[in-house]
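Working notes, structure below.
Only a predicted model underlies this, so the values are computations on that prediction, with no experimental measurement involved. Every chain is numbered from 1, with letters handed out A, B, ... down the list of sequences. Hydrogens, waters and symmetry mates are skipped; everything else that's a heavy atom, side chains included, is used.
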Amino acid sequence: MANSFSKIPAAFYQNPNVVEVARNLIGKYLFTRLDGLVTGGYIVETEAYNGPIDRASHAYGNKRTPRTETMFMPGGVAYIYLCYGIHEMLNIVVSVEDEPLAVLIRAIDPAIGLDVMQSRRNMAVIKPNITMGPGSVAKALGISRKINAISLQSDTLWLEDRGLTFTDDQIAVVPRIGVDYAKEDALLPYRFYVKGNPYVSRPVKGK
DNA sequence: GTGTGGATCGTCT
DNA sequence: GACGATCCACACT
């Protein structure tokens, strides 16, 4: 599986501007290697969670619990947790130690290991929803809480810059999904996605 | 295409 | 004991 691309360095994740990182993650390739099986694709949808001052964040008010502890680690690790009792979610921890910022990976455009992803998702036929939505991304890539807090410099879960870029015109910037309870913070333009990409979950009409 | 409800459990109050 | 950074199937238009 040798290729000419290298892992994105830790410095990329240690940027304290989580919204900027969420935007810059669009177009980056995300991979997992589990039991020798490599799966991945490029990120087409993200959401920023702005730590202590963001009501939608698990770390709002600097809340530190066994679950949220991972968010307080230095940027460049994965924060994985269970939602609705069913779905695992993958987040990229951003900034420095004790700054609990993270970016939720909501969708990828699958590129490598389609057959493996299809099998993990129990799909008879490959459809866009194979990696549409955060729960689906984690399931297709085999991501679970067993690898919570793993380094993105590992050979199990990592990101690469393969030179794919999108201009601001090609990226929609809209409010996040499913965070109505966060009151005014629910309106913040912290969600980014590639306009017109078929893997984006719930694209906003007209954008 | 749109809307509704069921699944299912860890985490924190 | 309540609820969540969700997904899917199925009904109905």
Side-chain angles (χ1 to χ4, degrees), chain A residues 13 18-19 21-23 25-26 30 43-73 75 77-95 99-110 117-149 157 172-193 196-207:
Chain A
Y13 307 108
V18 68
V19 177
V21 176
R23 190 293 180 211
L25 280 170
I26 299 289
L30 169 68
I43 296 167
V44 297
E45 183 179 356
T46 63
E47 282 179 5
Y49 285 83
N50 198 17
I53 60 170
D54 180 358
R55 300 182 105 89
S57 171
H58 290 167
Y60 176 60
N62 267 314
K63 188 166 69 167
R64 247 178 135 129
T65 68
R67 181 177 68 151
T68 63
E69 198 61 32
T70 306
M71 291 186 75
F72 290 83
M73 293 174 68
V77 301
Y79 170 43
I80 300 159
Y81 73 96
L82 183 71
C83 185
Y84 295 105
I86 301 174
H87 303 289
E88 315 267 355
M89 306 247 182
L90 169 65
N91 296 252
I92 306 292
V93 175
V94 168
S95 195
E99 294 255 332
L101 310 182
V103 176
L104 173 67
I105 307 301
R106 291 191 55 88
I108 70 172
D109 194 315
M117 292 192 243
Q118 182 182 6
S119 148
R120 285 183 182 137
R121 299 270 287 118
N122 298 316
M123 297 177 80
V125 182
I126 292 180
K127 291 181 290 188
N129 68 1
I130 188 169
T131 51
M132 175 192 286
S136 299
V137 169
K139 189 171 183 192
L141 296 183
I143 291 167
S144 74
R145 284 163 294 157
K146 283 187 295 190
I147 55 171
N148 178 41
L157 177 62
V173 185
V174 299
R176 295 170 292 185
I177 287 180
V179 295
D180 292 346
Y181 62 87
K183 301 180 182 176
E184 67 272 19
D185 289 342
L187 302 175
L188 295 168
Y190 282 180
R191 178 177 177 229
F192 298 87
Y193 67 82
N197 185 283
Y199 298 95
V200 172
S201 64
R202 293 179 50 186
V204 176
K205 192 177 173 184
K207 291 198 177 181

For Y193(A), is there any backbone N or O sitting under 3.5 Å from a side-chain donor or acceptor partner on E45(A)? no

CG of N197(A) to CD1 of I26(A), rounded to nearest 0.5 Å, is 9.0 Å

Interatomic distance, R202(A) CZ vs dC7(C) P [rounded to whole Å]: 10 Å

Figure out the CE/P separation between M89(A) and dT8(B), and round it to whole Å. 17 Å

Counting any heavy atom closer than 4.0 Å, what does S136(A) reach on the DNA or RNA strands: base, sugar-phosphate only, or nothing? sugar-phosphate

Side-chain N or O of R145(A) less than 4.0 angstrom from OP1 or OP2 on dG10(B)? no

Can you tell me the pairing partner of dG10(B) across any strand shown, Watson-Crick or G-U wobble, with both distances under 3.5 angstrom? dC3(C)

Can you tell me the distance, in whole Å, between the NZ atom of K139(A) and the P atom of dC7(C)? 11 Å

Nearest of dT6(C), dC8(C), dT11(B) to any side-chain atom of P134(A)? dT6(C)

What I want to check is whether an N or O donor and acceptor connect the side chain of H58(A) with the base of dA5(C) at under 3.5 Å. yes

pair_partner(dG3(B)), Watson-Crick or wobble, both distances < 3.5 Å, evaluates to dC10(C)

Given side chains that start at C-beta, do those of V94(A) and Y49(A) come closer than 4.5 Å, heavy atoms only? no

Matching residue for I105(A) among L30(A), T131(A), I143(A) - test: side chain to side chain contact (heavy atoms under 4.5 Å, CB included): L30(A)

What is the distance, rounded to the nearest whole Å, between atom CD1 of I86(A) and atom P of dC8(C)? 10 Å

For atom CG of N122(A) and atom P of dC7(C), their distance in whole Å: 16 Å

Does dG4(C) have its OP1 or OP2 closer than 4.0 Å to a side-chain nitrogen or oxygen of Y84(A)? no

